[in-house]
Amino acid sequence: MRIRIGAFTDRPFAGNPAGVLLLEASTSFPDDTWLQNVALEVNHAETAFAHPLPAGGGADWALRWFTPVAEVAMCGHATLATAHVLAGTGKADGPVRFATRSGVLVATTHDDGSITLDFPTAPLTAVPVPPGLAGALGAEPLSTYDTGPNVGDLLVELADEGTVLGLAPDLRSLARHSERGVIATARAGDPSRGHDFVSRCFFPNVGIAEDPVTGSAHTALAPFWSERLGRDELTGLQASARSGLVRTALRGDRTLLTGRAVTVIDGELLA
């Protein structure tokens with residue numbers, strides 16, 4: 001087991017930490033209660049559990065993700081972390097196909113160590129600004145969008161990068177406005193600094209006050225900003241305290257997410 005991987009970063013103590021547990025060859029996962037207890041013990045935004053699948057099928061590994069309080073339908077950073085572990089331990093050579101609740105997701109490790117995830121593009125639907133959202137978030141939204149069932153967030157466009165950076169939301173109130181949480185985003189104040197847009201993600205409904213770097217959110221951010229900026233390839237900065245960069249490439253109904261990962265703690269689960 002690689003206990004802690006920093007995802008969407010090239011240095012320790014940054015990006016989004018994920019627990020990764022590789023299970024022995026099996027036709028099924030252990031009991032859900034055990035999986036949830038392990039995720040609670042690891043206590044990262046997500047812990048990924050993976051086991052190999054028989055050769056010749058439509059996927060190579062089965063993969064599930066748990067926060068400390070719930071299973072989630074899709075997680076980018078823990079998928080990237082799992083691919084990093086598989087490549088680093090020699091358990092995978094080339095692209096890896098993961099069977100998940102969101103379909104088959106492919107992770108490709110490149111020669112330079114970066115990893116590209118092939119995820120479904122989130123379908124964006126414009127919705128009216130919900131009453132009370134501005135007060136809960138602490139800023140006036142310019143527009144709001146539903147991100148569909150895989151992501152389950154409300155995407156909120158704000159006036160500028162400074163507004164996003166300054167958010168201090170009321171998480172209890174914010175929890176009423178979406179299934180998982182809220183993605184707050186704005187255009188980059190200075191694109192010469194290496195990012196095209198900025199975001200922060202708050203997920204109180206799955207036990208995460210603020211997620212450090214959220215791959216799944218970028219399947220919604222990519223189409224949102226690609227349409228506005230007129231480019232299919234962008235770089236997003238998720239401006240949490242740990243921070244991280246996600247390179248996005250919009251490919252119709254698929255979004256490619258590219259980042260790096262580092263192993264921070266390597267250990268063995270004894271329970």
Side-chain angles (χ1 to χ4, degrees), residues 6-11 14-18 45-46 74-81 83 105 107 110 114-124 137 139 141-145 147-148 150-167 180-203 208 210-261:
F8 292 114
T9 183
D10 60 1
R11 65 187 192 278
N16 201 350
E46 271 88 9
M74 186 166 67
C75 179
H77 87 277
T79 304
L80 187 142
L105 308 176
H110 305 290
S114 65
I115 299 169
T116 296
L117 308 177
D118 183 338
F119 271 38
T121 300
L124 298 180
L137 194 57
L142 299 182
S143 61
T144 50
Y145 294 80
T147 59
N150 286 338
V151 177
D153 296 332
L154 184 69
L155 189 151
V156 181
E157 181 188 9
L158 298 178
D160 51 41
E161 181 170 328
T163 301
V164 174
L165 298 182
L167 291 175
R180 183 175 70 165
V182 168
I183 306 165
T185 188
R187 189 185 302 250
D190 181 5
S192 68
R193 296 175 58 193
H195 60 276
D196 301 292
F197 60 89
V198 65
S199 67
R200 290 175 67 189
C201 294
F202 307 98
F203 302 142
I208 303 168
E210 180 171 4
D211 199 35
V213 191
T214 314
S216 59
H218 283 76
T219 66
L221 291 163
F224 182 84
W225 286 112
S226 288
E227 179 180 355
R228 283 153 182 77
L229 299 177
R231 289 184 287 124
D232 288 340
E233 298 188 5
L234 302 169
T235 298
L237 169 67
Q238 192 155 330
S240 65
R242 294 175 62 95
S243 190
L245 293 171
V246 182
R247 301 203 314 268
T248 67
L250 189 62
R251 300 291 184 264
D253 64 354
R254 308 296 295 183
T255 295
L256 306 183
L257 310 171
T258 299
R260 295 179 177 273

Least distance between heavy atoms, [X] atom then [Y] atom:
X	Y	value
L158	A139	CD2-CB, 4.1 Å
A186	V164	CB-CG2, 3.7 Å
A45	D211	CB-OD1, 3.2 Å
G189	E161	N-OE1, 2.7 Å
R242	A14	NH2-O, 2.9 Å
L124	A220	CD1-O, 3.7 Å

Qualifying residue, where the test is side chain to side chain contact (heavy atoms under 4.5 Å, CB included) with C201 and the options are D153, L221, L155, T214: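 The residue from D153, L221, L155, T214 that satisfies side chain to side chain contact (heavy atoms under 4.5 Å, CB included) with C201 turns out to be T214.
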Positive for side chain to side chain contact (heavy atoms under 4.5 Å, CB included) with F119, one of N150, T219, V151: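 Only match with F119 under side chain to side chain contact (heavy atoms under 4.5 Å, CB included): T219.
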For S216, all residues meeting side chain to side chain donor-acceptor pair (under 3.5 Å), sequence neighbours excluded: R180
Are the side chains of [Y] and [X] in contact, using a 4.5 Å heavy-atom criterion?
X	Y	result
P120	L105	yes
D196	L229	yes
V246	F8	yes
L167	F202	yes
T116	H110	yes
R187	F197	no
I208	E46	yes
F224	E157	yes

Intermediate values then yes/no, side chain to side chain contact (heavy atoms under 4.5 Å, CB included), L256 and R251: CA-CA 7 Å; L256 306 183; R251 300 291 184 264; 4.2 Å; yes
To the nearest 0.5 Å, tell me how far [X] [atom1] sits from [Y] [atom2].
X	Y	atom1	atom2	value
T258	L245	OG1	CG	12.0 Å
Q238	S199	CD	OG	4.0 Å
T121	H218	OG1	NE2	13.5 Å
T144	L154	OG1	CG	5.5 Å
L234	R228	CG	CZ	12.0 Å
T255	L117	OG1	CG	11.0 Å

Presence of salt bridge, R254 and D118, under 4.0 angstrom: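 Result for this pair is yes, salt bridge flagged.
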Audit row: T248, W225, side chain to side chain donor-acceptor pair (under 3.5 Å) steps and yes/no: CA-CA 10 Å; T248 67; W225 286 112; over 6 Å; no
Worked verdict on H77 versus V213 for side chain to side chain contact (heavy atoms under 4.5 Å, CB included): CA-CA 7 Å; H77 87 277; V213 191; 5.7 Å; no
